[in-house]
Amino acid sequence: MIENLVIVESPAKAKTIERFLGENYVVKSSFGHIRDLEKKDLGIDIEHNFQPKYEISPDKKAIVKELKQLAKEAKTVWLASDEDREGEAIAWHLFEVLGLKKENTKRIVFHEITKDAILHAINNPRDIDKNLVDAQQARRVLDRLVGFEVSPVLWKKVKPSLSAGRVQSVAVKLIVEREREINHFVEQKYYKVTGTFETKDANGNSIPLKAELSERFSTQEETVNFLEHCKKAAFSVSDVETKPSSRKPAPPFTTSTLQQEASRKLGFSVSQTMAVAQKLYEQGHITYMRTDSVNLSQLAIGAAKAVICNTLGEKYSKPRNFATKTKGAQEAHEAIRPTYMDKESISGDKNEQQLYSLIRKRTLASQMAEAELEKTTITIAITGEKHTFEAVGEVIVFDGFLKVYMESFDDEKEDDEAALLPAIHKGDQLQRSLIQALEQYTTHPPRYTEASLVKKMEALGIGRPSTYAPTITTIQNRGYILRESRDGTERQLDQIDLKGQDIKVKKISRIFGAEKKKLFPSDIGMVVTDFLSNYFTNIMDYNFTANAEDALDHIAEGEVEWQSMIGTFYQPFHANVEKTLKESERNTGARELGKDPQTGETVSVRIGRFGPMAQIGEGESVRYAGLLKGQLMETITLEEALDLFKFPRQLGEFEEKPVSVGIGRFGPYIKHNQLFVSLKKGVDDPGTITLETAIERINEKREIEKNRKIQEFENGVQILNGRFGPYITFNKVNYKIPKGKEADKLTFEETMEIIAKEGDSKKKTTKKTTKKAAPKATKKETKKETKKETKKKE
DNA sequence: CAGTGAGCGAGCTTCCGCTTGACTT
């Protein structure tokens, strides 16, 4: 017999709570939701007032069985899932599925995992809030209806297996719209002028003062005119203004801000951040990592204060409570913070240590005093000229929170170092040493990174802390967007120097348009976004989720029945689905580029069965070519499209066999005597590569092939060098070499032993996976792809 | 792996939010 059974959502939480509650309590975890709408079909009985058809999730069968047994034996069952819509629903599903009875079931909630908070919760139980549960059911049903009615429209009208959803479709739209903004952006040339002046410090040493002209010139003529004027002009300090300012620390981390800072400061992807944070959480180093709250417990605020006072002194301490401003925040947890504030570092790998340190610094900084700054602006007048030079400097009077943590921003400029300015006064005359004008260009809005997309989604109230990372993975796996780095192109810019009485123009080179791990839309992403925006305008509206949230709030307040809210949405929505199926054209994003100058036939692009392609002519003479990576149907030119048809191109002969360049599914390649060699990215251009370079690549590949084989035994077993180091291959199956063995010293017996062992474990794992429910399609896809890739590389 | 792009039709795909593993490369 069990006295008390407490059910929480996370096993790590269960472990901690069990410690606080003592032996009369058994604490178990449900591992999140245990039940969901039927996986197959719609799972909603439209005819009967949208009655949901729930089923136990396949991977939760075992845990449900265990909980059922424990619940039967327990005197009291405490449902302690999170205090938000989803948590309330989990409690209700548990109540239903475990067959609990009202008289011995209690619903409790706590926002922080401290003994006091939990005991307080135990002493203040309540009933399940059915209105809140209904709000969750409405949310769930709405998402299913949108996803499962719109996706099939895409299958019919665009391409099979595509997906649409309240969150993902809008996330893709953000990236598509940004790309179009960039394409339509017209850059403006201007000249930025900086002056360097000689000043002297108290000891008579000269100190240069750098100042920027308040005006930017748009032509070289104007710029040179100005420099000509400066030749004989005098410069004097017309104003020195000093203003005190202060800077406040940022609030402690939420999931979204943690992902952003880890991306900017540590270069983590959002899923990487979550994986590392999960480890820290499981080891008890930090509080829960999926949260939208900036709230800290009193305990944490006190602990932070103690650490700050002890290590830095009292004047650095300033306890604060932060208010959450995020739309639709549910605040079931605390902000992300260290569980033990005084623990400066933790054991673990480098990533774990770095992320922990980031979280700790951010938390401490949030509880520290403002930084006191002094901003000085020096204005330098030019005789006979209305424009002035300005130098801005910032001095930290008191560092405050900056002592431990400085927040980063996406658009940080490199040369924005707030310099220390020399002590000069109004009326001082200045000598110019150099006046320099540099040709510059306005820049288009930046492409999203994973983290800045999360920031935008959060601002729009789209998605939740638990879904930001998976959503980004999904839209990449579906091929709607891709994350890429691109080398910029080099450009020659004019730099015009005035030194003494000489004006000199010189060319300097700068790299433009380099992108690092940015999000780009694909053709399919653009076509799908356009299609959905056309036919499902309301769902693609950035306010759709925010409006839905308002309606869900009314349900949670008990003012509206959830079925009536869904009914209001569904009636016109479903009619629109039917109408779109009947009336809309198949959408391939087809676009005419012009005429082929050689044949006069029409050149066009569209999405074909295997992706984006170009086409010349129709009927008998039709020719096709796939687009290259990085080319978009929307922006490809006629010339670029025509270039695609120049392949395969014959380069000549090598060792009496023809050498040709072609473009395949995996990019440009050289073909010679059954051997395929990829071109070197960024170095070789398939249009211009010479026979000589091609032979070089062929020889390089032969060299690699030669070094590939480390050992070979009589029965055909080989030890090879692969992309990930040495491995064993036998009968087309690969086996990894256990750690501590050296590939070149393995004997035949040892090798066969490894094959036998590895083979066994391989069989086991395949059995396991077949036993389990079919994995999600996205997972399948990634698995397939990685397999393919390894094959390709080895 | 190095091309492909028709049309037919079976049978499949798909959502968002809660949670962790079990995969290995």
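Protein chains get the first letters and strands the later ones, always in sequence-line order, with residue 1 at the start of each.
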Taking Watson-Crick and G-U wobble contacts under 3.5 angstrom, with | marking pairs to another strand and [ ] crossing pairs, the secondary structure of DNA chain B is written .........................
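- Distance check: Ile539(A) CD1 to Leu142(A) CG gives 8.0 Å after rounding to the nearest 0.5 Å.
- Residue-level contact check: Thr467(A) touches the bases, meaning some heavy atom is under 4.0 Å from a base atom.
- A donor-acceptor pair under 3.5 Å is formed between the side chain of Gln272(A) and the backbone N or O of Ser269(A).
- Of all nucleotides listed (dT4(B), dC18(B), dA6(B)), dC18(B) comes nearest to the side chain of Glu86(A).
- Within the 4.5 Å cutoff, no side-chain heavy atoms of Phe148(A) are placed close to those of Asp143(A).
- Residue Leu142(A) is classed as having no contact, given no heavy-atom separation below 4.0 Å to the nucleic acid.
- Under the 4.0 Å criterion applied to side-chain N and carboxylate O atoms, Arg464(A) and Asp292(A) are assigned as salt-bridge partners.
- In terms of modelled atom types and a separation under 3.5 Å, the side chain of Ser57(A) and the main chain of Lys60(A) share no donor-acceptor contact.
- The phosphate of dG17(B) has OP1 or OP2 within less than 4.0 Å of a side-chain N or O from Arg166(A).
- Side-chain proximity of Ser466(A) to dC16(B), dT19(B), dG5(B): nearest is dT19(B).
- The side chain of Ser10(A) approaches dT19(B) more closely than any other nucleotide in the set dA6(B), dC15(B), dT19(B).
- Among the atoms of the strands shown, none is found under 4.0 Å from any heavy atom of Ala89(A).
- By the 4.0 Å N-to-carboxylate-O rule, Glu86(A) lies close enough to Arg139(A) to be salt-bridged with it.
- Spacing between atom CD1 of Ile539(A) and atom P of dC16(B) amounts to 11 Å, rounded to whole angstrom units.
- More than 12 heavy atoms of other residues, nucleotides or ligands shown are found within 6.0 angstrom of NZ on Lys53(A).
- Taking a centre distance below 5.5 Å and an interplanar angle below 30 degrees as the stacking criterion, Phe148(A) stacks against the six-membered base ring of dT14(B).
- Contact of Ser161(A) with dT13(B) (side chain to base): a donor-acceptor pair of N or O atoms is detected under 3.5 Å.
- Taking only side-chain atoms of Arg290(A), from C-beta outward, the nucleotide of dT20(B), dC18(B), dT14(B) with the closest atom is dT20(B).
- Under the stacking definition used here (centres under 5.5 Å, planes under 30°), the residue Phe31(A) fails to qualify as stacked on the base of dT20(B).
- When the side-chain nitrogen and oxygen atoms of Ser151(A) are compared with OP1 and OP2 of dC15(B), none of them lie within a distance under 4.0 Å.
- Of the residues in residues 272-282 of chain A, Gln278(A), Tyr281(A) come within less than 4.0 Å of DNA chain B through at least one heavy atom, sorted by number.
- Contact annotation for Pro11(A): backbone-only contact, meaning every heavy-atom pair under 4.0 Å involves sugar-phosphate atoms and none involves a base.
- The phosphate of dC18(B) has neither OP1 nor OP2 within less than 4.0 Å of any side-chain N or O from Ser81(A).
- Each of Val677(A) and Ile34(A) was assigned the nucleotide of DNA chain B with the nearest heavy atom; the assignment lying further toward the 5' end belongs to Val677(A).
- Asp82(A) has a carboxylate O that lies under 4.0 Å from a charged side-chain N of Lys13(A), or vice versa, which qualifies the two as a salt bridge.
- Residue Gln615(A) places none of its side-chain N or O atoms closer than 4.0 Å to OP1 or OP2 of dG5(B).
- No side-chain donor-acceptor contact under 3.5 Å links Thr693(A) to the backbone of Ile689(A).
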Run the numbers on Arg649(A) and Ser660(A) for side chain to side chain donor-acceptor pair (under 3.5 Å), then give the verdict.
CA-CA 5 Å; Arg649(A) 195 163 68 89; Ser660(A) 64; over 6 Å; no
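- Between Ile663(A) and Gly165(A), the one whose closest nucleotide on DNA chain B sits nearer the 5' end is Ile663(A).
- Residue Gly608(A) is classed as a base contact, given a heavy-atom separation below 4.0 Å to a base.
- If you check every strand for non-hydrogen atoms under 4.0 Å, Tyr288(A) touches sugar and phosphate atoms only.
- One can place CD of Glu55(A) at 16 Å from P of dC15(B), the figure rounded to the nearest angstrom.
- Residue Glu149(A) is classed as having no contact, given no heavy-atom separation below 4.0 Å to the nucleic acid.
- Among the heavy atoms of the strands lying under 4.0 Å from Arg464(A) are primed sugar atoms or P, OP1, OP2 only; no base atom is included.
- One finds no side-chain N or O of Arg144(A) lying less than 4.0 angstrom from the OP1 or OP2 phosphate oxygen of dG17(B).
- Atom NZ in Lys39(A) sits about 16 Å away from atom P in dG17(B), given to the nearest Å.
- Contacts of Gly87(A) with the nucleic acid, taken as non-hydrogen atoms under 4.0 Å apart, are absent.
- Between His93(A) atom NE2 and dC16(B) atom C1' there is a gap of 13 Å when expressed in whole angstrom units.
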Worked check of side-chain contact (heavy atoms from CB on, under 4.5 Å) between Glu9(A) and Ile90(A) = CA-CA 8 Å; Glu9(A) 290 180 37; Ile90(A) 288 173; 3.6 Å; yes
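- Stacking here means ring centres nearer than 5.5 Å and ring planes tilted less than 30 degrees, and by that measure Tyr624(A) does not stack onto dT4(B).
- Between the CE atom of Met633(A) and the P atom of dG5(B) there is a distance of 18 Å, rounded to whole Å.
- Spacing of C1' atoms, dT13(B) relative to dG9(B), comes out at 16 Å, to the nearest Å.
- Checked by atom type and distance alone, the side chain of Ser81(A) never pairs as donor or acceptor with a backbone atom of Val8(A) at under 3.5 Å.
- Relative to the side chain of Arg609(A), the nucleotides dA2(B), dG5(B), dT14(B) differ in distance, and dG5(B) lies closest.
- Base engagement by Ser678(A) is indicated by at least one non-hydrogen atom pair under 4.0 Å involving a base atom.
- Residue side chain Arg139(A) reaches the base of dC16(B) through a donor-acceptor N/O pair under 3.5 Å, judged by distance alone.
- Distance, Lys40(A) NZ to dT14(B) C1': 14 Å, rounded to whole Å.
- Checked by distance alone, Arg140(A) brings a side-chain donor or acceptor within 3.5 Å of a matching partner on the base of dC15(B).
- Across the protein-nucleic acid pair, Asp36(A) atom CG and dC18(B) atom P stand 12 Å apart, rounded to whole Å.
- Contacts of Val167(A) with the nucleic acid, taken as non-hydrogen atoms under 4.0 Å apart, involve only primed sugar atoms and P, OP1 or OP2.
- One interatomic measurement links the two molecules: CD1 of Ile90(A) to P of dC16(B), which rounds to 18 Å at whole-angstrom precision.
- The main-chain N or O of Phe110(A) is never found under 3.5 Å from a side-chain atom of Glu83(A) such that the two would form a donor-acceptor pair.
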